[in-house]
Amino acid sequence: MSKLASEHQERNPRGIPKAPFIADVAEFLGPDPNPENALKEFQAALAKYRYMDHNLTQRRRGLEDKIPDIKKTLAMVEFLQERREGKGASGDDAEGSDDDDLEDDEDSNKPLTTTFELNDTLYAEAQLEDTDTVHLWLGANVMLSYKLPAAIALLRSKLDSAQSSLATVIEDLEFLREQITVMEVNTARVYNWDVKRRRELREKEAKAGKAEAKAS
């Protein structure tokens, strides 16, 4: 009876089924209509769509929180790399420099004073020594050390992946909400068609009863 469970049902690139719009309710239900079963199936489909929508909404929030953190970490590691490369360049040019340039070199060799976040509203001051290694949290209580270039490459890869995933999730959410709207419209159309059908049946029965009363 139902076209919702068709094996050839159209789907989006992630496999989410597309809800068919019911233009002709009578044709959809067939010669022996059973609106109750159709409405139950619509409610089951709606529940699945809403479950997927809930999960994807949570994933979207997670990605939207994660991406700014990756960007901040990447910016910091890139800064450390640029600072280290700047020191290397100044060291190569130090032989022909004047005495005044030596003071600049001494300043550049001083530890970098910065602040780091301990909590949402709590920061602490720290001094960063010159280093070519950083430690990155990978999740699940795992932290690994990376050389600065490797850390930059890893963070850029993670950022690209997170941004791509976010775009996909947003696309799927828009698709899901369209399917939820279609199923809600289908539900209303079948319900209204059934109400009209029942009313017509009652009217026919009433007319038939009057005709029998007159005949008797």
Side-chain angles (χ1 to χ4, degrees), residues 12-16 46-95 97-181:
N12 84 335
R14 263 71 59 189
I16 301 174
L46 272 170
K48 291 178 182 178
Y49 282 133
R50 286 171 178 152
Y51 177 75
M52 287 187 282
D53 179 86
H54 175 73
N55 286 343
L56 287 176
T57 298
Q58 288 186 324
R59 187 179 177 195
R60 177 180 181 175
R61 289 173 184 162
L63 288 169
E64 287 175 340
D65 290 339
K66 180 179 180 181
I67 287 173
D69 289 340
I70 297 175
K71 286 181 176 179
K72 286 192 295 184
T73 304
L74 176 59
M76 186 61 191
V77 177
E78 287 177 335
F79 171 76
L80 293 174
Q81 176 71 357
E82 291 169 2
R83 188 168 183 266
R84 185 172 178 79
E85 289 174 349
K87 285 185 179 182
S90 64
D92 293 339
D93 298 336
E95 292 182 0
S97 63
D98 296 331
D99 292 339
D100 293 340
D101 294 335
L102 294 176
E103 295 180 1
D104 295 337
D105 291 341
E106 289 176 0
D107 291 338
S108 65
N109 289 326
K110 290 181 179 178
L112 173 66
T113 301
T114 184
T115 57
F116 64 96
E117 185 176 357
L118 294 176
N119 205 336
D120 292 340
T121 58
L122 181 62
Y123 291 80
E125 188 176 277
Q127 287 188 338
L128 302 182
E129 300 289 346
D130 182 31
T131 180
D132 64 346
T133 303
V134 292
H135 294 76
L136 301 179
W137 283 108
L138 301 182
N141 295 325
V142 176
M143 174 182 279
L144 292 179
S145 64
Y146 291 88
K147 297 295 184 181
L148 292 177
I152 291 172
L154 175 65
L155 289 168
R156 285 176 178 170
S157 173
K158 285 186 171 293
L159 179 60
D160 290 342
S161 177
Q163 289 175 330
S164 176
S165 295
L166 179 59
T168 298
V169 167
I170 291 173
E171 181 182 327
D172 285 346
L173 281 171
E174 292 174 353
F175 180 81
L176 276 170
R177 283 158 191 173
E178 288 177 3
Q179 309 322 303
I180 289 172
T181 300

Enquirer: With rounding to the nearest 0.5 Å, note down the distance linking CD1 in Ile170 to CD in Glu64.
Expert: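 Answer for the CD1-CD pair, Ile170 versus Glu64, is 6.0 Å.
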
Enquirer: Roughly how far apart are Thr115 OG1 and Leu122 CG, rounded to 0.5 Å?
Expert: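 Nearest 0.5 Å value for the OG1-CG distance: 11.0 Å.
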
Enquirer: Nearest 0.5 Å, what's the OG1-CZ distance between Thr114 and Phe79?
Expert: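 Going from OG1 on Thr114 over to CZ on Phe79, the span is 8.0 Å.
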
Enquirer: Backbone N or O of Arg14 within a donor-acceptor pair of the Asn12 side chain at under 3.5 Å?
Expert: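 Side chain of Asn12 to backbone of Arg14, a donor-acceptor pair under 3.5 Å: yes, one is there.
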
Enquirer: Among Arg59, His54, Arg61, whose side chain to side chain contact (heavy atoms under 4.5 Å, CB included) with Thr57 holds?
Expert: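 Passing option: Arg61.
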
Enquirer: Please round to the nearest 0.5 Å and tell me the distance separating atom CG of Leu155 and atom CD of Glu78.
Expert: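 Rounded to the nearest 0.5 Å, the CG-CD separation comes out at 8.5 Å.
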
Enquirer: Got a second to check how far Ile16's CD1 is from Glu178's CD, nearest 0.5 Å?
Expert: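 If we round to the nearest 0.5 Å, Ile16:CD1 and Glu178:CD are 11.0 Å apart.
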
Enquirer: Identify the two heavy atoms, one from Asp172 and one from Leu56, that lie closest to each other, and give their separation to 0.1 Å.
Expert: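 So the minimum-distance heavy-atom pair works out to CB-CD1, 3.7 Å.
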
Enquirer: Just by modelled atom types, is the Ser157 backbone N or O under 3.5 Å from a matching donor or acceptor in the Ser161 side chain?
Expert: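 It does not hold such a pair.
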
Enquirer: Enumerate, atom names and distances included, each donor-acceptor pair closer than 3.5 Å involving a side-chain atom of residues 133-147, sequence neighbours excluded.
Expert:
unit_1 : atom_1 : unit_2 : atom_2 : d
Lys147 : NZ     : Asp132 : OD2    : 3.2

Enquirer: Let me confirm one number: the NZ-CG distance from Lys66 to Leu159, rounded to the nearest 0.5 Å.
Expert: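 Spacing of NZ (Lys66) from CG (Leu159) equals 10.0 Å.
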
Enquirer: Where do Ile67 and Lys71 land on the side chain to side chain contact (heavy atoms under 4.5 Å, CB included) test, with the steps shown first?
Expert: CA-CA 6 Å; Ile67 287 173; Lys71 286 181 176 179; 3.8 Å; yes

Enquirer: Is there side-chain contact between Met76 and Leu128, with heavy atoms separated by less than 4.5 Å?
Expert: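 With C-beta onward as the side chain, the pair touches.
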
Enquirer: I'd like to know if the side chain of Thr181 reaches the main chain of Arg177, judged simply by a donor and an acceptor atom lying under 3.5 Å from each other, with no hydrogens or angles considered.
Expert: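 Flag set: sc Thr181 to bb Arg177 pair under 3.5 Å.
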
Enquirer: What are the two closest heavy atoms between Val169 and Leu63, and how far apart are they?
Expert: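 What the structure gives for the nearest pair is CG2-CD1, 4.2 Å.
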
